[in-house]
Amino acid sequence: MVNTKVELSGLTLDNPVIPASGTFGFGKEFAEFYDINILGSIAVKGTTPEPRYGNELPRIAECAGGMINSVGLQNPGMKAVCEKELPELAKIYNKKVIANICGSSEEDYVKCASMLDAQEQVGILEINISCPNVKCGGMSFGTDPNTAAELTKAVKAVVRKPVYMKLSPNVTDITEIAKACEAAGADGISLINTLVGMRIDIKRRSPVIANETGGFSGPAIFPVALGMVYRTAKAVDIPIMGIGGISSARDVIEMIMAGATAVQVGAANLSDPFTCKRIIEELPEVMEELGIEDLSEIRGCAK
Amino acid sequence: MVNTKVELSGLTLDNPVIPASGTFGFGKEFAEFYDINILGSIAVKGTTPEPRYGNELPRIAECAGGMINSVGLQNPGMKAVCEKELPELAKIYNKKVIANICGSSEEDYVKCASMLDAQEQVGILEINISCPNVKCGGMSFGTDPNTAAELTKAVKAVVRKPVYMKLSPNVTDITEIAKACEAAGADGISLINTLVGMRIDIKRRSPVIANETGGFSGPAIFPVALGMVYRTAKAVDIPIMGIGGISSARDVIEMIMAGATAVQVGAANLSDPFTCKRIIEELPEVMEELGIEDLSEIRGCAK
Amino acid sequence: MNDVTCAIKSNKKIADQVYEMEFYVNDDLIERPGQFVDIKLDGFFLRRPISVANKAEGSITLVYKVVGEGTKMMSSLKKGETLDLLMPLGNGYDICKAESTEDGDIYLIGGGLGVPPMYLLASSLIRAGEKPKVILGFNTSEEVFYEDKFAALGLDVTVATVDGSHGIKGMVTDAMPPEAGYVFACGPEPMLKAVYERSRDGQFSFESRMGCGFGACMGCSCRTKYGSKRICKDGPVLDREEIIW
Amino acid sequence: MNDVTCAIKSNKKIADQVYEMEFYVNDDLIERPGQFVDIKLDGFFLRRPISVANKAEGSITLVYKVVGEGTKMMSSLKKGETLDLLMPLGNGYDICKAESTEDGDIYLIGGGLGVPPMYLLASSLIRAGEKPKVILGFNTSEEVFYEDKFAALGLDVTVATVDGSHGIKGMVTDAMPPEAGYVFACGPEPMLKAVYERSRDGQFSFESRMGCGFGACMGCSCRTKYGSKRICKDGPVLDREEIIW
Ligand SMILES: Cc1cc2nc3c(=O)[nH]c(=O)nc-3n(C[C@H](O)[C@H](O)[C@H](O)COP(=O)(O)OP(=O)(O)OC[C@H]3O[C@@H](n4cnc5c(N)ncnc54)[C@H](O)[C@@H]3O)c2cc1C
Ligand SMILES: Cc1cc2nc3c(=O)[nH]c(=O)nc-3n(C[C@H](O)[C@H](O)[C@H](O)COP(=O)(O)OP(=O)(O)OC[C@H]3O[C@@H](n4cnc5c(N)ncnc54)[C@H](O)[C@@H]3O)c2cc1C
Ligand SMILES: Cc1cc2nc3c(=O)[nH]c(=O)nc-3n(C[C@H](O)[C@H](O)[C@H](O)COP(=O)(O)O)c2cc1C
Ligand SMILES: Cc1cc2nc3c(=O)[nH]c(=O)nc-3n(C[C@H](O)[C@H](O)[C@H](O)COP(=O)(O)O)c2cc1C
Ligand code: FES
Ligand code: FES
């Protein structure tokens, strides 16, 4: 029997498969498809201090092998998340979850992080400094190492749980940002968030997305994500959650070989709601085929 | 009858379709498939002052909707290009071509550009400051606005022909680099070059590409390229050659609506050698269907 | 919600660019008219949402227009080939609400590809003892479909074409009374808005580009008087009184 | 070079994970043994290069092993389905060069999926009046194929398996003389190198991951004594004397 368990900053996950923030809501829609307790963990929808409606419609465009979204962090706000969404999720999911936090200012992040840190259900705080879909905040925190480091420090100062900084791929050198976050005390790095992308409706002669550009993700971005995880894993010593374009157990193995400890599956959940279930079922078979007994054997083995 | 002609810095092209540098050699392999005189122009293989063997094998990996290459600018050197490759191309192609120039130092670029500037056949000089596959030079010139501007000035000082700076997408803000090149006298911008990407062979537990990471291109990157062309077209007043993931006449229209004046087709030539021919044949039909009489009507119309 | 693989029973052209496709599937899965299915097509990342036009014992029927690459591919599929569908999706029309109104006729108003869901709705209303008036709008005579099918249900059907090549000339609103009591509408947004303005009450079905189609991604949210709603899950049908334009 | 669409005549398993596929196509397109075709498969960006194993009037045969997703898909294709091929690609073996040597036997040495091109080569050599000795190497008996076909050509065939489960136990080099006069070899690189070291002259066929397969991208270049060569166009067959390991 192969062992699919992985350890993430003291949290033991039954397997490394985690739905990515924003693509799994607070779990209940997926619970209609399968028992979500099979998941390693769940990264819930990005939360801001106040409720947010998000961007105008259309928010979605299709691409070859992927999609663009400009949801713009629509969420019910941290109070509703703590008082309603998380308790409801607790009824259908009995493991720790990953809270995903966003804001427009350092204060926002700090407020939101300290409130979510207090929730028993939350195992890890994932600080999203990489959302390309919000005007102020979001990605701007993730493109400069100093700003990223300061935010990391500010959040770390008010919380007890492990803090993972979720980075943007839309930068010249991701390893610089990752190193700055590590030096500032981050417990781990989540990468990547979406690439900036665009589609134009040639009949209407205008951008498909109301917001013009949006966040591009799905299988098409896998090679970019893999390269960034690989380079970052060489640059830092803290664990990495590999995200971007994952849709199969083989992709998971590739990400772990690149240096990831766990992985998150995003857009693939939307086009096939059973993606995470399928990956979790296939993972032991693929491990056996490749002669892998424990995932820790292969972490970062591709050199 | 629709008009597919476009004008690029004084050069009139029969149509906006140009094979991208590095994916069309010096034309002769494609001349075995079709009469290459139908092409708007041809961007020939990146040239350095000295011959270069390039990177170790394997240099190619496959991805969903694209590929990774790490050819590493293998080329016979500027002397052989001017004395052998271009004269041979002239026998099978009777229009102006785009010379693609690379180097490891400013001096390299200047030497190569001035030699190619003297070739009658060359209509435009494309300065590749974005190759992710060479250790020194290449991309490093394309990630900092000041360096890019200096190189632009240095090249402009020694040549008479229009100079297009070919930019890397692997940067935090491409418009900054484009604006710096424009201010330094560039006649146009070519974008994008390849994204940094990677694949791992999970059986061998090592990177597929000998060089570990490589340049990722093909249909998968189209939304990234489109977004960068769109944003850059708003930021500069010089013409843009839109490159990245183009494989159909509809993609060409989308790129032009984003602001490109002409387009280049790269990886798609490799998986289907008839791609450019097919696009050129389909373009008038698609224009008619969309009610476009002249491509200048739609340039940058998506707002 | 179910993920079902089903075989195509027939797929034929019924008007200019418009096709009717029937699948073998457990039709009991469809609970209400106005619900839709989300179709996975080979080579496309996102699914294609299409409303259920009709259902019979063991099958459902869709009517779709070829507008892009996905629907073009659908039109090339043959009998016996299989498709992967998520269904049933969306709230659908609540016909009980219409029964309870007492001020005049019920109108079913469909524009273009908003016509198909009206057919299953009409059947449901008839089964519930109602006799709605049907108004169908198209651009031109070549696009007209299902007029005969609605007539065969014994309903009063008016067709309006923009160019006047079939039925009355004009928009669906030209066939409406100045103020309709209760409307069920589906069609392009400008049509919905015009119908909204000429009706006192009713239910309107909206379209949106969708990420998931089942409520998880917030890709389709719209503002309503009762807060934001997901068109795929809380819609596609909204009550007249909650709509914000 | 041609881009041809051709129909599959047959596609069947002939050994563990190994399939033989025959296509209807103008076989005159294949000029030399050792040339290959490059196959476009739905859903894959790059083509798959496969050597021509045999040709007959109006058809060619490939033998391929399922090693990944692309070859897995190939193995699922049925008679009558069509594939898009670029062909002929590569230089192929030059059998004239072997005729001109006078010191001893000609050896055909194939390892694993290096065996198929040896079959067309053997037929060509026989037609040219030669009678090469054939040595085939596999890991284990379940992987063995084409031994009988070579024997049916009237040639002396030795099979070596690493585990000794069929033929002699060992590598192809264990079946070779200490120094072979002229060899034609195809197989994994370590095998080629071992054969190289035990031969005076010959031609060796190499593999490489390919971008285009027709000489345009420099994705497959290797160093030789006469400068860099493209495996897809100037190769896949290299002369012994030009090889740099
Ligand atoms: C709830 C709902 C019910 C629908 N019912 C029907 C129906 O019964 N019959 C019918 O013909 N059409 C219906 N549509 C519209 C149908 O979904 C689109 O015409 C179809 O998705 C277009 O796909 P395509 O690949 O041909 O076009 P493309 O333009 O190539 O599609 C590109 C992307 O945009 C999306 N898209 C394009 N147009 C629309 C649209 N109008 N609405 C939503 N997404 C769109 C596609 O799904 C795809 O993701 C419905 C839409 C919704 C939301
Ligand atoms: C000139 C030449 C002739 C060949 N002849 C044969 C033959 O007759 N029979 C046979 O079984 N195999 C042959 N091969 C190897 C065959 O091309 C690969 O096994 C096949 O491409 C694997 O595809 P896949 O999708 O199953 O594997 P994957 O590993 O999923 O393929 C991923 C990518 O890597 C490439 N790739 C993987 N392995 C190889 C390889 N060994 N060589 C080149 N590219 C590779 C694929 O083409 C694809 O682009 C030949 C290769 C070359 C270069
Ligand atoms: C519809 C959608 C909504 C998303 N919302 C969030 C979010 O709220 N917070 C966040 O950190 N990332 C968000 N993301 C990014 C994903 O979590 C993930 O990083 C990205 O999509 C790359 O993974 P993928 O290629 O598997 O989709 C969202 C992505 C999508 C597609
Ligand atoms: C095999 C290969 C070789 C390339 N060589 C060069 C080069 O020499 N000079 C250059 O500027 N770009 C080079 N490129 C980049 C392309 O010109 C183009 O910018 C990039 O591939 C994006 O376009 P695509 O998605 O259509 O391939 C190369 C790309 C490929 C795939
Ligand atoms: S499309 Fe995902 S929530 Fe509606
Ligand atoms: S694979 Fe392109 S040159 Fe050989």
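Protein chains get the first letters and strands the later ones, always in sequence-line order, with residue 1 at the start of each. On a predicted model such as this, the values are computed, not experimentally measured, just so you know.
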Could you measure the distance from the [atom1] atom of [X] to the [atom2] atom of [Y]? Nearest 0.5 Å is fine.
X        : Y        : atom1 : atom2 : value
B/Asn170 : A/Ile174 : CG    : CD1   : 11.5 Å
B/Thr143 : A/Asp173 : OG1   : CG    : 9.0 Å
B/Lys203 : A/Arg250 : NZ    : CZ    : 7.0 Å

### Query
Is there a side-chain contact between A/Ile292 and B/Arg205 (heavy atoms, below 4.5 Å)?
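In contact.
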### Query
In chain order, what residues pass the side-chain hydrogen bond (donor to acceptor under 3.5 Å, both in side chains) check against A/Asn3, with sequence neighbours excluded?
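Expected list: A/Asp294.
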### Query
Any chance CD of B/Glu293 has more than 12 other-residue heavy atoms, nucleotides or ligands included, within less than 6.0 Å?
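Not more than 12 within 6.0 Å, no.
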### Query
Which region of B/Ile298, side chain (C-beta onward) or backbone (N, CA, C, O), has a non-hydrogen atom less than 4.5 Å from a non-hydrogen atom of chain A, or is it both or neither?
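B/Ile298 touches chain A through side-chain heavy atoms alone.
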### Query
Is it the side chain or the backbone of B/Leu290 that comes within 4.5 Å of chain A heavy atoms, both, or neither?
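For B/Leu290, heavy atoms of backbone and side chain both lie under 4.5 Å from chain A.
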### Query
Closest heavy-atom contact between B/Ala64 and A/Pro219?
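Scanning both residues completely, I find the closest heavy atoms to be CB-O, 4.3 Å.
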### Message
Could you report the tightest heavy-atom contact between A/Pro207 and B/Lys303, atom names first, then the distance?
### Response
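Answer, listing the atom of A/Pro207 first, then B/Lys303: CD-O, 3.4 Å.
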### chain B interface, residue from A/Arg231, A/Met255, A/Glu212 that has the most non-hydrogen pairs under 4.5 Å
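It is A/Glu212.
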### Query
For the candidates A/Gly291, A/Ala220, A/Pro169, which exhibits the highest count of non-hydrogen atom pairs separated by less than 4.5 Å from chain B?
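Option with the top pair count is A/Ala220.
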### Task
Report the residue from A/Ile200, A/Val208, A/Asp201 that forms a side chain to side chain contact (heavy atoms under 4.5 Å, CB included) with B/Glu254.
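Exactly one option meets the side chain to side chain contact (heavy atoms under 4.5 Å, CB included) with B/Glu254, and it is A/Ile200.
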#### Entry: Residue, of B/Ala61, B/Gly197, B/Pro223, that accumulates the most heavy atom pairs under 4.5 Å with chain A
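Highest number of heavy-atom pairs under 4.5 Å: B/Pro223.
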